[in-house]
Amino acid sequence: MAYEIYIGDRMFSSWSLRGWLMLEKFSLPHTVHLVGLYSGTMAQEMAHLAPARLVPALRTPEGTVVGESLAIAETLAEQNPDAGLWPADPAQRAAARWLAAEMVAGFSALRSECPMQLAHIYEGFETSGAVKADLDRIETLFAHARQVSGQAAGCLFAEYSLADAFYTPVAARIIGYGLPVSAATRAYCKLLLSDPAVLRWQEQAHEVSYDPEPYARDLPRRPWSLD
């Protein structure tokens, strides 16, 4: 039996990407349901999952509905203890949970001013002081994670974990808006976005188009590239 994951969109929905990566990257069998995040039909299509009302939402093989990304993460980790969703080392696991929790609760300026999009790279985006403060905090958290794990490069905790899944949409924002970060953080962002699973997600994102385009910015664009 498989999990069922309800997502809203692949091109723009950062939370949908996180929810899907929790399943896809840890080889947990799942079925994807796409609901109308931008068509106005999401509430109707998710009514049978009440009180869940936002994407992602999860239905377990036993029929339990779980809303909210952290709850989904902990449910999956609890039900699949050998899948390695969190680091095995207790100190690293605590740090990974910390990073995921701060992602859920924080970085409001980055989220509001730089909505995730996987279509192109904006040029000339002016980074506000509030977004710079969020980026500085992200750099601090990444440095802490690497100090705890001893990993100077690659995934934050050596092996891919839920912390990497939670920060993949952050990486898309940094690359998609050309945001100012350290060389180490930019390399980590490119690592996350070059993952084969993320590339498949991005390819599927182009199968749907919207008119008008959500969150469009009046800025020059160039094709998406990690070069």
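All values derive from a computational prediction rather than experimental measurement. Just so it is clear, the values below take in all heavy atoms, side chains as well, and ignore hydrogens, waters and symmetry mates.
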Q) Taking it one step at a time, do K25 and D195 satisfy salt bridge (charged side-chain N to carboxylate O under 4.0 Å, His left out)? A) CA-CA 10 Å; K25 285 296 295 177; D195 184 281; 2.6 Å; yes
Q) Considering only heavy atoms from C-beta outward, does the side chain of V131 approach that of L135 to under 4.5 Å? A) yes
Side-chain donor-acceptor contacts of residues 48-60 below 3.5 Å, not counting sequence neighbours, with atom names and distances?
residue	atom	partner	partner atom	Å
H48	ND1	E45	O	3.3
H48	NE2	Y6	OH	3.2
R59	NE	E4	OE2	3.4
T60	OG1	E62	N	3.3
T60	OG1	E62	OE1	3.1
T60	OG1	G63	N	3.4
T60	OG1	T64	N	3.1

**Q.** Y122-D218 side chain donor-acceptor pair, cut-off 3.5 Å
**A.** no
(Q) Suppose we screen for side chain to side chain donor-acceptor pair (under 3.5 Å). Which residues come up paired with R97, at least two apart in sequence or across chains? (A) E74
Q.
Does E68 have more than 12 heavy atoms from other residues, nucleotides or ligands lying within 6.0 Å of its CD?
A. no
Q) Is a side-chain N or O of N80 found less than 3.5 angstrom from the main chain of A83, in a donor-acceptor match? A) no
(Q) Restricting to salt bridge (charged side-chain N to carboxylate O under 4.0 Å, His left out), what partner residues turn up for R137, sequence neighbours left out? (A) E102
Q | Electrostatic pair D134:R111 at N-O distance under 4.0 angstrom | A | no
Q: Check whether any side-chain N or O of R186 sits under 3.5 Å from a backbone N or O of L179 as a donor-acceptor pair, and report yes or no.
A: yes
Q. With a 4.5 Å limit on heavy-atom distance, are the side chains of T41 and V35 in contact?
A. no
Q | side-chain contact (heavy atoms from CB on, under 4.5 Å) between F26 and L76, intermediate numbers included | A | CA-CA 10 Å; F26 300 96; L76 292 175; over 6 Å; no
**Q.** Approximate separation, where rounding is to 0.5 Å, of L37 CG and R10 CZ
**A.** 13.0 Å
Q: Drop me the distance from D164's CG to C155's SG, to the nearest 0.5 angstrom.
A: 4.0 Å
Q: Verify the neighbour count for atom CD of E139: are there more than 12 heavy atoms of other residues, nucleotides or ligands below 6.0 Å?
A: yes
Q | Side-chain ion pair, E24 and R200, N-O less than 4.0 Å | A | yes
Q: Apply side chain to side chain donor-acceptor pair (under 3.5 Å) to T168 and list each qualifying residue two or more places apart in sequence or on a separate chain.
A: none
(Q) Is it the case that the side chain of S14 and the backbone of M116 share a donor-acceptor pair, with hydrogens and angles ignored and the cut-off at 3.5 Å? (A) no
Q) Do F12 and L118 come close enough that some side-chain heavy atom pair is under 4.5 Å? A) no
Q: Apply side-chain contact (heavy atoms from CB on, under 4.5 Å) to I138 and L110, showing your working.
A: CA-CA 10 Å; I138 290 167; L110 178 64; 3.8 Å; yes
**Q.** Inter-residue atom distance R146.CZ - F157.CZ, 0.5 Å rounding
**A.** 9.0 Å
Q. Under the 3.5 angstrom rule, does the side chain of R222 hit a backbone N or O of I121 as a donor-acceptor pair?
A. no
Q: Report the C-alpha separation of L141 and Y167 in whole Å, then their side-chain angles, then the decisive distance to 0.1 Å, and conclude whether the side-chain contact (heavy atoms from CB on, under 4.5 Å) test is met.
A: CA-CA 11 Å; L141 291 174; Y167 279 85; 3.8 Å; yes
(Q) Checking R173 now: which residues fulfil salt bridge (charged side-chain N to carboxylate O under 4.0 Å, His left out) with it, not counting sequence neighbours? (A) none
Q) What residue pairs, at least two apart or across chains, pass ring-ring contact (aromatic ring centres under 6.0 Å, His included) with a residue in residues 81-110? A) W98-H144
Q: Could you grab the distance from atom NE2 of H120 to atom CH2 of W224, nearest 0.5 Å is fine?
A: 9.0 Å
Q) Got a sec, which residues hit side chain to side chain contact (heavy atoms under 4.5 Å, CB included) with P220, two or more places apart in sequence or on another chain? A) E123
Q. How would you list all residue pairs meeting ring-ring contact (aromatic ring centres under 6.0 Å, His included) that involve residues 182-205, not counting sequence neighbours?
A. W20-W201, F142-Y188
Q | For S209, all residues meeting side chain to side chain contact (heavy atoms under 4.5 Å, CB included), sequence neighbours excluded | A | none
Q: Would you list the pairs meeting side chain to side chain donor-acceptor pair (under 3.5 Å) in which at least one residue belongs to residues 152-161, sequence neighbours left out?
A: none
**Q.** Check: Y38 main-chain N/O paired with D9 side-chain donor or acceptor under 3.5 Å
**A.** no
Q | Side chain T185, main chain V181, donor-acceptor under 3.5 Å | A | no
Q: Identify, with sequence neighbours excluded, every residue that meets side chain to side chain contact (heavy atoms under 4.5 Å, CB included) alongside A2.
A: P29, T31
Q) Which residues pass the salt bridge (charged side-chain N to carboxylate O under 4.0 Å, His left out) test with R221, sequence neighbours left out? A) E213
Q. Within the distance-only criterion (no hydrogens, no angle test), does the side chain of S13 pair as donor or acceptor with the backbone N or O of G8 below 3.5 angstrom?
A. no
